[in-house]
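The figures here come from the full heavy-atom set of this structure, side chains too, leaving out hydrogens, waters and symmetry mates. Counting convention: from 1, in listed order, for ligands and their atoms alike. Remember, it's a predicted structure, so these values are computed and weren't measured experimentally.
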Amino acid sequence: MSVVSTEINNDIAVIIIDNPPVNALSHAVREGVSRAFVDVEARDDVRAIILCCAGRTFCAGADISEFGKPPKSPSLPELIDQMDKINIPLIAAIHGTALGGGFELALCCHYRILEASAKVGLPEVNLGLIPGAGGTQRLPRLIGVSQALDMITSGKPVSAEKTLALKIADRISQNNLKQNAITFAEEIIKNKQPAKRVSDLDIKDNSEVFDIFAKKIAARTRGFLAPAAAIEAVKAATTLSFKEGLMVEREQFIKLVEGAQSKAQCHLFFAEREAAKVPGIDKNTAVYDIGQVAVIGGGIMGCGIAVSFLNKMFPVTLLEISPDACGAARQKITNIYDSSVKKGRITEDQKEKMLAGLILTCEYDDIANADLVIEAVFEKMEIKKQVFEKLDSVMKPTAILATNTSFLDINEIASVTSRPQNVLGLHFFSPAHIMPLLEIVRTDHTSNETLATALKLAKMVGKTAVISGVCYGFIANRMSSCYGREAGLLLLEGADVEQVDRVLYEFGMPMGMFTMLDMAGIDIGVMAREKLGPELYDQRAFAIHTALVKDGNKGQKTGAGFYVYDGGQKSLNPMVTELAKIFADAFQITRRTISDKEIEERCIFALINEGFKIVEEGIALRASDVDVVYTSAFGFPRYKGGPLFYAEQIGLDYVVRKINEFAKMHGERWWKPSNLMIKLATK
Ligand code: 3HC
């Protein structure tokens with residue numbers, strides 16, 4: 001069956017794209033649409049053309065899987081150029097999401113009608129690209145430079161309601177989009193409305209706007225090439241002719257699409273979708289209905305988890321130990337919503353609706369009917385086991401029992417219940433209502449149905465799900481502890497806190513290791529390590545941390561940690577340098593000058609090596625899952641694609657060689673290269 005068909009309705013032609021799942025503009029679609037336009041134009045009875053899509057959405061953009069392959073004519077710019085020459089009124093009828101090239105197709109039409117729930121956007125920056133089929137030239141002509149820059153550099157789609165205000169949409173359809181589009185076309189014919197080309201609109205703006213805008217987004221887009229290229233292309237729209245502007249856009253697009261950042265970001269796009277695919281689970285796997293959710297514990301994590309569900313209108317019952325603790329939890333959750341209202345993310349009315357779903361209780365009986373319970377109590381095995389024994393006795397037999405533990409053995413937690421098949425880890429990252437990642441931890445007994453339900457839930461609450469097996473720290477925290485270990489050892493060996501932080505920040509991490517520890521609280525890690533046997537971590541690496549905390553220096557919250565915080569000023573804590581010297585002596589470590597390159601490689605290659613071991617042991621299902629985890633949980637630069645993708649880009653053989661060198665210098669205890677990495681490097 002052809003992916004493009006045409007229906008003739010009296011003097012109106014309706015061209016329909018049908019390329020499931022998201023009507024991506026593959027070569028077959030472009031060819032089909034191009035031919036359909038030629039055929040329709042050849043008829044003398046057609047006086048208006050509607051372009052629309054079958055299935056769940058209007059075109060979601062260029063076919064990303066075609067990037068990097070030899071181009072096939074007609075390209076999207078060629079197709080759009082063909083459309084721009086059509087003199088018959090062209091109407092785009094949009095439902096779902098018109099994204100990227102799909103929105104560019106609609107922008108080339110003369111009129112746009114949108115279903116009330118539809119959205120449009122140019123998300124190319126998320127793939128390390130800029131719009132490459134006229135979006136940077138048409139959108140500013142239609143809605144002005146500032147709004148266009150916002151949409152193009154943020155990649156965020158806008159609602160149908162907003163498109164009407166911006167004059168992107170000419171009309172909104174409340175129901176039956178196709179029929180309403182036909183009625184609209186009939187009016188256009190009757191009123192003899194012209195073919196209104198966006199490319200004919202005037203545009204001007206001064207260069208100051210671009211400089212101000214570039215400064216405004218500098219921190220948010222640090223390291224990414226696409227936003228600056230987008231600004232360049234939009235600027236060209238204001239200084240050059242439409243045709244010349246298109247050439248600037250093309251040049252920038254090609255440079256980006258052939259570059260490393262776009263390849264890395266496209267890798268993550270597919271990796272995030274692949275992560276939700278689990279062998280043994282398919283559309284035939286039964287999924288439990290989740291209506292009511294319960295959360296145990298009203299600390300920062302418990303409250304953030306509750307908000308994640310309340311945001312999606314799940315009723316949530318939060319259990320705490322006393323009425324006072326219940327009151328404090330309600331206050332925390334209210335504060336989160338107040339802050340969202342203040343930032344303009346939600347309205348007061350939405351806040352009230354979401355909060356209306358929250359019940360606080362001290363009684364286990366009040367949560368007995370919940371379909372899912374997530375435990376977020378103190379990170380201690382004995383306490384978790386007590387909670388799970390209690391949950392097992394009160395919850396209905398079909399309920400899923402989840403723990404938010406960051407490190408503990410969930411097989412052991414599940415063993416105290418009579419339904420280990422219903423037990424799993426749902427590991428959120430702080431702040432839980434904001435961070436995109438959800439590590440779903442499968443135990444030896446978690447059933448496929450429980451897992452499938454968790455995967456569906458993750459999608460419902462807008463989280464990227466990755467499956468992890470049980471091991472100490474699962475994927476994210478296990479990798480992170482290796483990264484932290486090397487940063488700590490480097491201090492003893494002669495690097496200073498600022499150097500390590502600067503190198504990691506320049507690599508593209510959102511902040512350096514020690515800035516992060518100061519922000520999160522150094523005491524959290526120190527407390528967690530107190531419960532560990534010496535075989536699980538390198539005491540030398542964290543000796544400074546422990547000494548700082550012992551002296552009351554827990555980070556920002558106490559005014560001092562690795563840095564000293566004085567009235568908004570941050571400076572190195574001199575105590576750290578002293579401690580580094582003392583511990584270096586105690587552990588017989590010779591202090592030396594350490595290069596930036598060594599700091600980067602020690603920290604990043606430790607991550608990579610552990611990531612490959614996690615795949616090798618079957619803890620992660622695939623290497624790309626590790627990339628998804630580390631970019632989503634700890635801000636590894638998306639334009640580098642995640643630690644394991646990055647390792648491949650710089651050469652696995654190089655990484656293995658360096659790890660072997662580190663093993664010679666620092667011993668094999670932490671630096672034994674992963675067998676999987678060695679195997680892949682020699683392929
Ligand atoms: N190309 C190829 N495949 C695509 C695709 C695209 N543009 N968009 C989605 N898909 C695939 C996904 O990989 C997934 O495949 P799978 O089922 O085999 O895993 C399938 O379509 C369904 O996608 P989702 O699971 O993401 O479905 P959702 O319903 O959750 O989301 C969506 C739908 C909002 C359209 C989301 O898929 C999305 O954001 N897609 C990307 C949109 C985009 O970035 N467009 C710009 C492309 S670049 C471009 O157009 C350049 C131009 O300017 C020249």
Side-chain angles (χ1 to χ4, degrees), residues 3 17 19-30 53 55-69 71-72 74-81 94-108 117-139 148 151-159 226 229-230 233-234 246 249-258 261-263 265-278 281-283 436 455-456 458-465 622 624-625 628 638:
V3 289
I17 300 172
N19 182 31
V22 295
N23 288 310
L25 290 155
S26 63
H27 176 247
V29 171
R30 301 193 304 269
C53 290
R56 70 196 218 212
T57 181
F58 195 81
C59 304
D63 187 335
I64 304 168
S65 64
E66 286 182 1
F67 292 166
K69 296 183 184 155
K72 277 191 188 168
S75 65
L76 198 52
E78 282 167 349
L79 172 62
I80 286 182
D81 189 45
I94 298 171
H95 74 294
T97 42
L99 298 176
F103 183 35
E104 290 173 295
L105 212 60
L107 283 172
C108 187
S117 58
K119 288 183 177 174
V120 301
L122 293 170
E124 284 87 344
V125 280
N126 299 329
L127 301 169
L129 296 171
I130 62 167
T136 64
Q137 306 303 299
R138 286 191 178 84
L139 193 60
M151 275 184 76
I152 296 170
T153 59
S154 74
K156 288 195 184 128
V158 296
S159 65
V234 174
L246 278 184
E249 177 192 86
R250 198 74 211 139
E251 206 178 295
Q252 297 279 0
F253 180 85
I254 288 173
K255 206 157 65 186
L256 289 168
V257 84
E258 288 173 351
Q261 290 203 351
S262 168
K263 288 189 178 70
Q265 288 176 253
C266 288
H267 158 74
L268 283 173
F269 174 83
F270 287 115
E272 282 167 356
R273 281 147 185 87
E274 190 69 15
K277 292 175 190 154
V278 182
I281 293 181
D282 58 26
K283 57 182 187 317
L455 284 164
K456 186 174 167 204
K459 191 149 188 167
M460 286 168 85
V461 296
K463 301 284 179 200
T464 304
R622 44 184 94 79
S624 60
D625 286 6
V628 173
R638 290 184 71 83

| request: For Ser117, enumerate each residue passing the side-chain contact (heavy atoms from CB on, under 4.5 Å) test, keeping only those at least two apart in sequence or located in another chain. | output: Glu115
| query | Got a sec, which residues hit side chain to side chain donor-acceptor pair (under 3.5 Å) with His95, two or more places apart in sequence or on another chain? | reply | none
What are the polar N/O contacts of ligand 1 with the protein below 3.5 Å, with distances?
{"residue": "ligand 1", "atom": "1 (N)", "partner": "Ala62", "partner atom": "O", "Å": "3.4"}
{"residue": "ligand 1", "atom": "1 (N)", "partner": "Ile64", "partner atom": "N", "Å": "2.9"}
{"residue": "ligand 1", "atom": "7 (N)", "partner": "Ala62", "partner atom": "O", "Å": "2.8"}
{"residue": "ligand 1", "atom": "18 (O)", "partner": "Lys277", "partner atom": "NZ", "Å": "3.4"}
{"residue": "ligand 1", "atom": "19 (O)", "partner": "Lys277", "partner atom": "NZ", "Å": "2.7"}
{"residue": "ligand 1", "atom": "26 (O)", "partner": "Arg273", "partner atom": "NE", "Å": "2.6"}
{"residue": "ligand 1", "atom": "26 (O)", "partner": "Arg273", "partner atom": "NH2", "Å": "3.2"}
{"residue": "ligand 1", "atom": "27 (O)", "partner": "Arg56", "partner atom": "NH2", "Å": "2.8"}
{"residue": "ligand 1", "atom": "29 (O)", "partner": "Arg56", "partner atom": "NH2", "Å": "2.7"}
{"residue": "ligand 1", "atom": "30 (O)", "partner": "Lys459", "partner atom": "NZ", "Å": "3.1"}
{"residue": "ligand 1", "atom": "45 (N)", "partner": "Ala60", "partner atom": "O", "Å": "2.8"}
{"residue": "ligand 1", "atom": "50 (O)", "partner": "Ala62", "partner atom": "N", "Å": "2.8"}
{"residue": "ligand 1", "atom": "50 (O)", "partner": "Gly101", "partner atom": "N", "Å": "2.8"}
{"residue": "ligand 1", "atom": "53 (O)", "partner": "Glu104", "partner atom": "OE1", "Å": "2.7"}
{"residue": "ligand 1", "atom": "53 (O)", "partner": "Glu124", "partner atom": "OE2", "Å": "2.6"}
{"residue": "ligand 1", "atom": "53 (O)", "partner": "Gly132", "partner atom": "N", "Å": "3.0"}

| message | For the backbone of Leu127 and the side chain of Ser262, can you confirm whether one donor and one acceptor N or O come within less than 3.5 Å of each other? | response | yes
| field | Pro131 backbone acceptor or donor facing Thr136 side chain under 3.5 Å | value | no
| Looking only at atom types and distance, does a side-chain atom of Ser154 sit under 3.5 Å from a main-chain N or O of Lys156, one as donor and one as acceptor? | yes
| note | Residues at least two apart in sequence or cross-chain that pass side-chain contact (heavy atoms from CB on, under 4.5 Å) with Ala275, listed by chain then number, are Val466, Asp625
